[in-house]
> 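This is the structure, below, for whatever I ask next.
In this chain, residues are counted from 1 in sequence order.
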Amino acid sequence: IDKKQKIYLEKTKKNCFYGRPWTMEQRTELFKREQKWGLNTYLYAPKDDYKHRMYWRDLYAAEEAEQLTSLISAAKQHDVEFVYAISPGLDITFSNPKEVAALKRKLDQVKEFGCRSFSLLFDDIETEMCPADKQAFSSFAHAQVAITNEVYMHLGEPEVFLFCPTDYCAVFCTPSVTQSSYLNTVGEKLLPGIDVLWTGPKVVSHKISVESIEEVSSVLKRAPVIWDNIHANDYDPQRLFLGPYKDRPTDLIPKLKGVLTNPNCEFYPNFVAVHTLATWCKAPAEGTPRDVEMGDEEQDPCYSPQKALNLALTDWLEEFMSTDQPGGRKESSEEEPMQTDMGESPYIPGPGENPLYTAEPLTLDDLKLLSDLFYLPYEHGTTARTMLQELDWLKNQTEWCSRAQQFDNMCEAVVQMFNRLSNAPNRSILYDLYNYICDIKSGVGLARAYVKTLGHSQPSAQLLNDDPEPWGFRGGLSGEFQRMLPGHGNRDLFRHPPMTAVYCIRPYCPEDKPEVERIFREMQKAGEGEISPSPLCGLILEDDLGLCGYALALTDAKPAAAKIQVIQKFPSVIALEMLPRVTDPSPAKRMIGQLLSSIRSSGSRGAFCELRQSNRRMLDFYSKLGSFKLVQMDRLPQDILVMATSL
């Protein structure tokens, strides 16, 4: 791993973070941790520094210059490369020499502070050039590359100089990574000494594969620097990410120029994110595999996310229990919680009286539970998944006393973890965590109360009251908006489990016709009638008992015009039906997705279906898909509705 391959980043993405900024003391403490754990670079681009982005032209005042100089000096003392980033893309006119001069002047000033590494960021900006730039440059990429190359040369070709493109992930590239004219221009025109930042397949990438990095490297004509948002939480104020650095194989290491991690907004909870990144960076790309947990071998023979997490949490526990608070904020007396002096004569309970409450010390198991509850963007930890599965099971079963007790025990563990965290000696860490752990404790408490009501015939007045306490409904106005949107909940990390163990989806064959007709008659289907599907446009659903559903389509409904009314904008017709025993909508969604893909491949512009108004189940299914809409048609039977979707 070369010098630039282990990097730590402080920056917030997509949404500007204007919460409590990190103090200079905290940033200095970060440098100590980087040095201790083997990380070597710090990229400075915090949103609380307005002169980094919004007022990028303005020079730093004397007091600001003194702070930055001290910070750069502290980084050097701990062998950490300080990279100063600037984001001029909001309003710069690339073709104006005065603008370029202002950018050079600003970076020259920072260079005088002792900084020797720099970064130009053009992320999250409008891509439409102003008229003056359109006359001077053939594309937005040419404009960015021209000014980046000029600044790089002006600064004397620094050893570390990073460029963040506007298309910084695969999903932004049109039509694809390899065919993106923007990325190809960057690869061809950007000077070879400049490194390019890349977040992976998405802004927040679930996984980053070797193949995806090889693809973008061929376009950029250089190995990228991964700008990883796996632990960034600025887009959701109710989420915190305390899981390990994972789903990035160590085979990536020799194919990258570096890795930056974009952290949680709060300083102290980033202990796990940075610690596990350091462990990942030190994992060998080749050679003797390290000892890994069962199951981890399938992911990476050299790195175990679970072992890396355990190491991080063990070290973090020591910090929790320390009264020496590194990088701590010097709070005013108004911000400190009230402390009660025990005095010389503490109260001693008498016989038969309640014992004094004694806070138990925080344990490693508490921190493991905390990490499970606040794991990663695309997955919950093991305990969190178990709790969701148990709650789902308890809602749908009758004989559940022992399982209910197990769920209650897990809820109680969350409460006790909250109590012990609240009494940990290091108050600075608690201040960063408190809103999150308070929220999860409240949510778990509501679920716990609900499960207890399931064992009684009388519903809980607290849960079902028409005038509940405000903590019974979460999220404020933002929560109201989200619950009103049609897609709310469809990206929940916990999926409702299917009611049968296994469903099989297979292609339709002529021998299936009698069974399809039987289901058709059983469901008293009306509207689309019986159809013989087009090639590759018939799917059959089976469970343990046999055929239980079907999805059929005609790419061109005109030949069946005698039975089906054809809509000009939607030339294809589909028929979908499930027996009542299929209570899980997932198989139907999958079949409809495959069917629409086949119809689209045939060149069709759209598809429709006819439904009986009394068939509320299928009407609800198509409505929740989001893409199907009701279509008004003349001469339809009174009880028939048509829903259609464009392709």
Side-chain angles (χ1 to χ4, degrees), residues 3-4 6-12 16-18 21-35 39-90 92 98-123 147-164 191 193-195 197 225 227 258 260 262-263 267 326-327 329-330:
K3 183 180 180 183
K4 290 181 282 184
K6 293 177 285 186
I7 305 179
Y8 180 77
L9 167 72
E10 175 192 352
K11 188 182 190 294
T12 54
C16 296
F17 170 52
Y18 294 111
W22 296 2
T23 65
M24 290 298 173
E25 292 79 13
Q26 287 173 332
R27 289 164 178 157
T28 301
E29 174 60 26
L30 176 62
F31 300 155
K32 295 178 182 177
R33 293 179 179 178
E34 288 194 69
Q35 185 179 38
L39 301 172
N40 62 13
T41 305
Y42 171 86
L43 191 146
Y44 175 88
K47 290 295 189 293
D48 62 296
D49 183 347
Y50 293 116
K51 294 180 180 179
H52 149 73
R53 187 173 175 92
M54 188 177 298
Y55 303 117
W56 62 269
R57 299 174 185 83
D58 295 354
L59 297 177
Y60 288 106
E63 183 178 352
E64 297 167 331
E66 182 179 354
Q67 279 192 327
L68 266 178
T69 301
S70 298
L71 195 62
I72 294 168
S73 176
K76 289 181 178 178
Q77 291 174 14
H78 295 93
D79 297 321
V80 173
E81 190 68 32
F82 186 99
V83 181
Y84 177 84
I86 191 166
S87 298
L90 287 176
I92 189 172
K98 292 182 179 179
E99 294 277 78
V100 180
L103 184 57
K104 292 177 180 176
R105 181 170 62 252
K106 177 66 167 286
L107 295 180
D108 282 340
Q109 183 195 33
V110 177
K111 192 175 182 179
E112 291 175 0
F113 301 160
C115 183
R116 59 188 180 188
S117 300
F118 301 89
S119 179
L120 279 184
L121 308 179
F122 293 106
D123 56 314
I147 199 171
T148 301
N149 286 342
E150 185 171 345
V151 169
Y152 173 69
M153 297 293 290
H154 172 79
L155 293 171
E157 302 184 23
E159 182 180 351
V160 177
F161 193 93
L162 306 175
F163 167 81
C164 182
L191 291 174
I194 301 174
D195 294 322
L197 297 168
V225 174
W227 181 335
L260 304 104
N262 202 355
F267 175 77
R329 176 182 299 274
K330 297 179 180 179

> Sub-3.5 Å donor-acceptor pair from the side chain of Q109 to the main-chain atoms of Y60, do we have one?
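Side chain of Q109 to backbone of Y60: a pair is present.
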> Below 4.5 Å, heavy atoms only, C-beta onward: do I86 and F118 meet side chain to side chain?
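They are not in side-chain contact.
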> May I ask you to decide whether E99 forms a salt bridge with R57, counting only side-chain N to carboxylate O separations under 4.0 Å?
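Yes, charged N to carboxylate O under 4.0 Å.
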> Find out whether L103 and L120 are in side-chain contact, i.e. whether some heavy atom of one side chain is under 4.5 Å from a heavy atom of the other.
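They are in contact (side-chain heavy atoms under 4.5 Å apart), so the answer is yes.
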> For S87 and W56, which heavy atoms make the closest approach, and how far apart are they?
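Heavy-atom minimum between the residues: O-CD1, 4.1 Å.
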> Could you go step by step and tell me if Y50 and D58 meet the side chain to side chain donor-acceptor pair (under 3.5 Å) rule?
CA-CA 9 Å; Y50 293 116; D58 295 354; over 6 Å; no
> Under 30°, 30 to 60°, or over 60°: which ring-plane class applies to F122 and F163, parallel, tilted or perpendicular?
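The arrangement is tilted - the two ring planes meet at 30° to 60°.
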> How many angstroms lie between atom CG of N149 and atom CG of L191, to the nearest 0.5 angstrom?
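So the CG of N149 and the CG of L191 are separated by 3.5 Å.
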> Is there a side-chain contact between Y44 and L68 (heavy atoms, below 4.5 Å)?
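When only atoms from C-beta onward are counted, L68 and Y44 do touch, with a gap below 4.5 Å.
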> Find out whether L260 and V225 are in side-chain contact, i.e. whether some heavy atom of one side chain is under 4.5 Å from a heavy atom of the other.
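Of all side-chain heavy-atom pairs linking V225 with L260, at least one is under 4.5 Å.
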> Measure the acute angle between the ring planes of Y42 and F31, then classify it against the limits of 30° and 60° as parallel, tilted or perpendicular.
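Y42 vs F31 ring planes: perpendicular.
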> With a 4.5 Å limit on heavy-atom distance, are the side chains of W22 and P263 in contact?
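Counting from C-beta outward, W22 and P263 do come under 4.5 Å.
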> Compare all side-chain heavy atoms of F161 with those of T148 and state whether any distance is below 4.5 angstrom.
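Result yes, sub-4.5 Å side-chain heavy-atom pair found.
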> Run the side chain to side chain contact (heavy atoms under 4.5 Å, CB included) test on N40 and D79 for me, step by step, so that the C-alpha distance in whole Å, both residues' side-chain angles and the decisive distance to 0.1 Å come before the verdict.
CA-CA 7 Å; N40 62 13; D79 297 321; over 6 Å; no
> Look at the side chain of K104 and the backbone N and O of V151, then say whether any donor-acceptor pair between them is shorter than 3.5 Å.
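Absent.
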> Kindly determine whether K106 and Y84 satisfy side chain to side chain contact (heavy atoms under 4.5 Å, CB included), including the steps that lead there.
CA-CA 11 Å; K106 177 66 167 286; Y84 177 84; 3.7 Å; yes
> Any chance you could measure D195, atom CG, to C164, atom SG, to the nearest 0.5 Å?
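So the CG of D195 and the SG of C164 are separated by 12.5 Å.
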> Checking the side chain of S119 only, and the main-chain atoms of A85 only, is there a donor and an acceptor separated by less than 3.5 Å?
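A pair under 3.5 Å: no.
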> Using side-chain heavy atoms (C-beta onward) and a distance below 4.5 Å, is H52 in contact with L121?
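Yes, at least one pair of side-chain atoms sits under 4.5 Å.
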> With the side chain counted from C-beta on, respond yes when D123 and W227 share a heavy-atom pair under 4.5 Å apart, and no when they do not.
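With C-beta onward as the side chain, the pair touches.
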> List the steps and the verdict of side chain to side chain contact (heavy atoms under 4.5 Å, CB included) for D108 and H154.
CA-CA 9 Å; D108 282 340; H154 172 79; 2.9 Å; yes
> For the backbone of F82 and the side chain of K76, can you confirm whether one donor and one acceptor N or O come within less than 3.5 Å of each other?
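Checking the backbone N and O of F82 against the side chain of K76, no donor-acceptor pair under 3.5 Å is found.
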> Is it the case that atom CE in M153 sees more than 12 heavy atoms from other parts of the structure closer than 6.0 Å?
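No, not enclosed.
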> Output yes when a side-chain donor or acceptor of S73 lies under 3.5 Å from a complementary backbone atom of T69, and no otherwise.
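Not at all, since once roles are kept as given, no pair shorter than 3.5 Å links the two residues.
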> Find the distance between CD (E81) and CD (E34) and round it off to the nearest 0.5 Å.
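It comes to 11.0 Å.
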> Determine, for E159 against R116, whether the closest basic-nitrogen to carboxylate-oxygen distance falls under 4.0 angstrom.
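Answer for the salt bridge query: no.
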> Could you tell me whether the side chain of K32 and the main chain of H78 form a donor-acceptor pair under 3.5 Å?
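Pair absent, no side-chain N/O of K32 close to backbone of H78.
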> Between Q67 and E64 (side chain of the first, backbone of the second, donor and acceptor by atom type, cut-off under 3.5 Å), is there such a pair?
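Pair absent, no side-chain N/O of Q67 close to backbone of E64.
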